[in-house]
Trainee: 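Take this structure, written in structure tokens, and hold onto it; I'll ask about it next.
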2 protein chains.
Amino acid sequence: MILKSVSIDCVIFGFDGNSLKVLLSQNNPEETLKQLSEQDDYEDIKELYMEHPSLTDPRCWNVFGAHIPVDKDIDDFARELLLMATGMNDVFLNQYYCFGKVNRVPKNRVLTIGYYALINPAHHLIKKSIALNDLKWFKLDHLPKLSFDHGEIIKKALEHLRNEVRYKPIGFHLLPDKFTLTEFQTLYETILDKKMDTRNFRKKIAKMDLLIDTEEKQENVSHRAAKLYRFDEQIYNHLKAEGLKFRIE
Amino acid sequence: MILKSVSIDCVIFGFDGNSLKVLLSQNNPEETLKQLSEQDDYEDIKELYMEHPSLTDPRCWNVFGAHIPVDKDIDDFARELLLMATGMNDVFLNQYYCFGKVNRVPKNRVLTIGYYALINPAHHLIKKSIALNDLKWFKLDHLPKLSFDHGEIIKKALEHLRNEVRYKPIGFHLLPDKFTLTEFQTLYETILDKKMDTRNFRKKIAKMDLLIDTEEKQENVSHRAAKLYRFDEQIYNHLKAEGLKFRIE
DNA sequence: TCAAAAGTGTTTTGTCTACACCCATGC
DNA sequence: GCATGGGTGTAGACAAAACACTTTTGA
């Protein structure tokens with residue numbers, strides 16, 4: 001059984017070293033219905049899909065989402081959705097807003113709770129076996145045609161990301177485990193859409209005493225190899241307890 | 001018609017010059033059912049009330065809330081709730097979180113969307129004609145027995161308020177239209193729960209060039225009368241467009 | 001004239017900004 | 001040896017923190 005009047009949408013952000021992207025799903029109507037017929041709550045979901053042709057409109061792309069089962073906490077279910085879409089379990093995930101305009105979906109009253117996730121696309125596996133849909137990364141400034149208010153949902157997710165990344169060390173989730181300071185700076189320049197001074201940026205990071213020097217360097221690069229660093233959530237929590245203020249802006 | 005699986009709860013904050021308070025409602029079962037019988041969607045709501053005896057448990061206090069009508073935007077309906085509870089129309093109101101654990105309400109799956117409102121209790125009229133319930137202000141450190149997860153709902157609202165008040169000039173909504181700098185400082189000391197230096201606080205405010213000197217003073221105080229200031233949202237928006245950063249912490 | 005809160009400046013300390021050159025590596 | 005990005009320091013401007021006394025008013 002699902003809650004017909006509430007769904008969850010996960011805006012999945014990735015960073016490939018140059019630009020910020022979202023993972024979107026495109027409808028594949030035949031595949032969707034075939035898969036649905038194998039599931040318990042087929043009738044419920046089928047009814048919803050029939051009422052909303054655009055859910056299965058093959059030209060529209062969607063933020064990855066679904067209706068909430070009655071017996072699942074919303075946070076847990078958002079994680080399940082993420083696992084379906086990315087094959088990843090251990091992901092940064094944050095609820096950011098509930099969209100509840102009467103006409104956000106035509107003909108039916110559906111609220112949606114927006115979550116955003118941050119992943120490193122290099123780690124990401126599309127599990128074909130689960131995917132009802134095609135999945136594809138899009139640059140934020142070249143989004144395709146989207147269903148319903150999904151444009152607004154993405155826009156608002158980005159606003160929240162831009163705000164939170166300045167005060168909380170969540171940006172690391174978009175990077176590989178080991179990363180260079182230049183990658184780190186480029187990430188912030190991309191998200192906040194502004195150039196930063198390299199020396200000042202590095203001084204600020206160094207003073208926080210936050211990153212662990214892995215003693216390793218880049219390999220196979222055609223220029224001076226950069227040092228690789230790690231971020232450790234536990235160390236951050238220690239520092240925070242002692243009064244560290246993380247701020248990059 | 002209402003959405004049975006989703007409600008809105010409004011955490012209403014007020015400041016009386018010394019402490020931060022929440023406006024809570026206590027159930028009055030007879031009155032509630034009498035009023036309900038006069039309303040269109042009586043059957044829907046009655047059914048919910050019957051399924052949840054604690055909704056009408058006269059010992060418990062509640063964050064003011066209700067189920068969402070199918071034909072109302074959630075933001076609009078949150079404002080209607082506020083009007084019911086306070087008689088006030090022009091109020092600062094902010095959606096902050098959706099609570100969606102399976103067992104947050106026993107026996108029934110109900111999500112609730114949390115909003116918080118900031119009002120000046122002196123302006124506040126309890127419209128007896130509308131109130132289904134008793135309404136009363138409680139200090140945050142002396143809350144009564146609460147229904148369901150309403151303690152958590154209030155706690156999380158306070159966290160959001162504490163965070164937002166530092167970067168956005170929303171604290172003014174808790175003050176009278178004309179206020180002294182001491183009142184303003186006390187408000188921040190109360191919300192952020194820390195003492196601040198008067199001279200430094202005033203210098204910071206003065207530099208923002210944000211407050212309008214009303215040329216008036218306090219009257220009937222048994223000490224030197226303080227100057228009264230006003231905050232104007234439009235002036236703030238102008239200043240912000242020119243790059244003003246509001247920050248008090 | 002006393003009590004109670006209003007109002008005000010300076011010094012020190014730390015943080016932010018602006019800015020230019022040498023270094024290591026692969027090809 | 002050259003192209004490419006990696007890595008570093010200093011000076012000046014600005015903001016934050018620490019700190020104590022005088023002023024105004026009503027009772």
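Per chain, numbering begins at 1; letters A, B, ... match sequence-line order.
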Trainee: Of all the nucleotides listed (C:dC16, D:dT8, C:dA6), which has the minimum atom distance to the side chain of A:Thr198?
Mentor: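 So the nucleotide nearest the side chain must be D:dT8.
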Trainee: Rounded to whole Å, how long is the line connecting atom CZ of A:Arg247 with atom C1' of C:dT17?
Mentor: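 Nearest whole value for this atom pair: 17 Å.
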Trainee: Taking DNA chain C as the partner, which of residues 217-232 of chain A come within under 4.0 angstrom of it by heavy atom?
Mentor: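 Residues of residues 217-232 of chain A under 4.0 Å from DNA chain C: A:Val221, A:Ser222, A:His223, A:Arg224, A:Ala225.
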Trainee: Could you tell me whether the side chain of A:His142 and the main chain of A:Lys139 form a donor-acceptor pair under 3.5 Å?
Mentor: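 No, A:His142 side chain to A:Lys139 backbone: no donor-acceptor pair under 3.5 Å.
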Trainee: Looking only at non-hydrogen atoms, find the nearest pair between B:Leu174 and B:Phe13 and report the distance.
Mentor: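 The answer is CD2-O, 3.6 Å.
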Trainee: Ignoring hydrogens and geometry beyond distance, is a side-chain donor-acceptor pair present between A:Glu164 and A:Asn94 at under 3.5 Å?
Mentor: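 There is such a pair between these side chains.
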Trainee: For A:Leu211 and D:dG7, give me the distance from atom CG to atom P, rounded to whole Å.
Mentor: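 Distance check: A:Leu211 CG to D:dG7 P gives 12 Å.
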Trainee: Would you kindly compare A:Glu249 and B:Asp197 by the position of their nearest DNA chain C nucleotide and give the one closer to the 5′ end?
Mentor: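 Result: B:Asp197.
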Trainee: May I have the distance from B:Phe201 (atom CZ) to C:dG7 (atom P), rounded to whole angstrom?
Mentor: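 Atom CZ in B:Phe201 sits about 13 Å away from atom P in C:dG7.
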Trainee: Nearest to the side chain of B:Arg202, which nucleotide is it out of C:dT10, C:dG7, C:dC16?
Mentor: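 Nucleotide nearest to B:Arg202's side chain: C:dG7.
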Trainee: Quick check for you: among C:dA20, C:dA6, D:dC19, whose closest atom lies nearest to any side-chain atom of B:Thr182?
Mentor: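 The listed nucleotide nearest to B:Thr182's side chain is C:dA6.
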Trainee: Restricting to non-hydrogen atoms, name the atom on B:Phe64 and the atom on B:Leu135 that form the minimum distance, rounded to 0.1 Å.
Mentor: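 Shortest heavy-atom contact: CD1-CD2, 3.9 Å.
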Trainee: Figure out the NZ/P separation between B:Lys207 and D:dA17, and round it to whole Å.
Mentor: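 Taking NZ of B:Lys207 and P of D:dA17, I get 11 Å after rounding.
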Trainee: Would you check if B:Tyr96 and B:Lys156 make a side-chain contact, meaning some heavy-atom pair closer than 4.5 Å?
Mentor: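 Yes, their side chains come closer than 4.5 Å.
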Trainee: Between B:Gln185 (CD) and C:dA5 (P), how many Å, whole number?
Mentor: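 Spelled out: CD on B:Gln185 to P on C:dA5 is 14 Å.
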Trainee: Rounded off to whole Å, could you give me the CD-to-C1' distance for the B:Glu183 and C:dA5 pair?
Mentor: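 Atom-to-atom, B:Glu183 to C:dA5, this comes out as 12 Å.
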Trainee: Using heavy atoms to find the nearest nucleotide of DNA chain C for B:Thr180 and B:Asn200 separately, return the residue whose nucleotide is more 5′.
Mentor: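 Residue closer to the 5' terminus by nearest nucleotide: B:Thr180.
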Trainee: Let me know which of B:Lys101, B:Arg104, B:Lys155 forms a side chain to side chain donor-acceptor pair (under 3.5 Å) with B:Asp149.
Mentor: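 In the set B:Lys101, B:Arg104, B:Lys155, the residue that makes a side chain to side chain donor-acceptor pair (under 3.5 Å) with B:Asp149 is B:Arg104.
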Trainee: What's the CD-P distance between A:Glu189 and D:dG5, to the nearest Å?
Mentor: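 Computing the A:Glu189:CD to D:dG5:P distance gives 14 Å.
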Trainee: Separation of B:Lys204 atom NZ from C:dT15 atom P, in whole Å?
Mentor: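 For the pair B:Lys204 NZ and C:dT15 P, the rounded distance is 15 Å.
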Trainee: Using a distance-only criterion (donor-acceptor N/O pair, under 3.5 Å, no hydrogens), is the base of D:dA20 paired with the side chain of B:Arg199?
Mentor: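 For B:Arg199, whose side chain was compared with the base of D:dA20, there is a donor-acceptor pair (under 3.5 Å).
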Trainee: Nearest to the side chain of A:Lys203, which nucleotide is it out of D:dT8, D:dA16, C:dA18?
Mentor: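 The answer is C:dA18, which lies nearest to the side chain.
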Trainee: Centroid-to-centroid, A:Phe99 to A:Tyr97, below 6.0 Å?
Mentor: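 Under 6.0 Å, so yes.
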